[in-house]
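Values below: every heavy atom of this structure, side chains too, minus hydrogens, waters and symmetry copies. Start at 1 and go down the list; that is how both ligands and their atoms are numbered.
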Amino acid sequence: MFRREDGYHELRTIYQTISLHDRLRVSALDSAIEITCDDPRVPCDETNLAHKAATLLREATSQTKGARIEIEKRIPVAGGLGGGSSNAAVVLLALKRLWQLDIAYPDIVELAMRLGSDVPFFLMGGTALGIGRGEEVYPLEEVEETHLLIVNPGFAVPTADAYARLSRLTRVEAPRIIPFTLIAAKGIRELPLAASNDFEEVVSAAYPKIAELKRRLVGLGARNASMTGSGATVFGVFDKLESSEHAQSEMASAGYWSHCARTMNREEYQKTIFD
Ligand code: C5P
């Protein structure tokens, strides 16, 4: 990663969709954009990324219809899992359909980029390489893992803070690292989801609980454990269902939110966006 002139960090990352998901119900309203959410920690005003997505789409297509967006939140909030970003991407697709908009896919991608660096990925799903500020996504050969355990320590790490903590940045001429990223991407097929996360060291230094959770996951039999995105959620990759379920009950007894999940490939992801 290196810091760019626009203040963002140029990054090389691997994205993966998993089965853990929120549920959104989108219905027509005359003119207002209304958000409701069953999790009181989620703001339902204009600061909600789903609200921003609806407003941006409406402006871009110069129309005035409204929508109610009900969010059933299951993805930990501000957990480094892209929960808000995935909501925003899906709102763009759902409202295109509800409002019967004649907007081309590249224009939807453009709006997604404006909403957040990782929003375009959630239009695609599966295993993907993210470059630029994370908004440029390329499909990779799919990784398949069936026994993941996602654990959230119960505190949030603001994304901008995590980036600000990155002291050991790659030099500016780093586009040369792309081939290495591709080798790393190939590597994750051989040792799935064992890729390292540059955020981990700096974020764990400030939040030791993250390293502790990783150690516990490995102690409970995870083949690999890592932090997701800018934290603070961690995941463990297990070989057997029994081990991931046992780890889940241990994490639950210790008071942590945890969820058994599996990777979800592009085809399945795109099919389940509208169910
Ligand atoms: O693009 P998004 O709104 O998700 O980014 C949130 C914040 O994370 C940005 O304001 C920026 O501080 C930081 N960021 C960054 N480099 C990136 C992506 C995000 O510095 N590639």
Practice prompt. May I ask you to decide if the ring planes of Phe199 and Tyr163 are parallel, tilted or perpendicular, using 30° and 60° as cut-offs?
Written response: perpendicular
Discussion item. With side-chain hydrogen bond (donor to acceptor under 3.5 Å, both in side chains) as the test, pick out the partner of Ser117 among Arg133, Glu136, His9, Glu135.
Written reply: Arg133
Worksheet item: When Arg23 is tested against each of Asp39, Asp38, Asp275 for salt bridge (charged side-chain N to carboxylate O under 4.0 Å, His left out), which residue passes?
Response: Asp275
Practice prompt. If you have a sec, work out which protein heavy atom is nearest atom 20 (O) of ligand 1 and how many Å separate them, to one decimal?
Written response: His9 ND1, 2.7 Å
Item to complete: Any atoms of ligand 1 less than 4.0 Å from a non-hydrogen atom of Arg133? List them with their elements.
Response: 1 (O), 17 (C), 18 (C), 21 (N)
Worksheet item: Nearest protein heavy atom to atom 18 (C) of ligand 1, by residue and atom, and its distance?
Response: Tyr163 OH, 3.3 Å
Practice prompt. Identify which one of Glu142, Met264, Met124, Arg266 satisfies the side chain to side chain contact (heavy atoms under 4.5 Å, CB included) criterion when paired with Thr17.
Written response: Met264
Worksheet, complete the sentence: A student checking ligand 1 against Leu11 at a 4.0 Å heavy-atom cut-off should list atoms 21 (N)
Worksheet entry | Asp118 N/O under 3.5 Å from ligand 1 N/O | no
Worksheet item: Does an N or O from Thr159, backbone or side chain, lie closer than 3.5 Å to an N or O of ligand 1?
Response: no
Worksheet item: Quick one: which of Gly134, Gly229, Ser117 has a heavy atom closest to atom 4 (O) of ligand 1?
Response: Ser117
Worksheet item: So which heavy atom in the protein is nearest atom 3 (O) of ligand 1, and how far is it from that ligand atom?
Response: Gly116 CA, 4.1 Å
Worksheet item: Heavy atoms only: which of Gly130, Ser85, Ala160 is nearest to atom 7 (C) of ligand 1?
Response: Ala160
Worksheet item: Hey, are Lys214 and Glu200 close enough for a salt bridge, meaning a charged N less than 4.0 Å from a carboxylate O?
Response: yes
Worksheet entry | Between Glu144 and Thr263: side-chain donor-acceptor atoms closer than 3.5 Å | no
Fill in: Basic-acidic side-chain contact under 4.0 Å: Glu212, Arg215
no
Practice prompt. Please state which part of Tyr8 comes within less than 4.0 Å of ligand 1, counting heavy atoms only: side chain, backbone, both or neither.
Written response: both
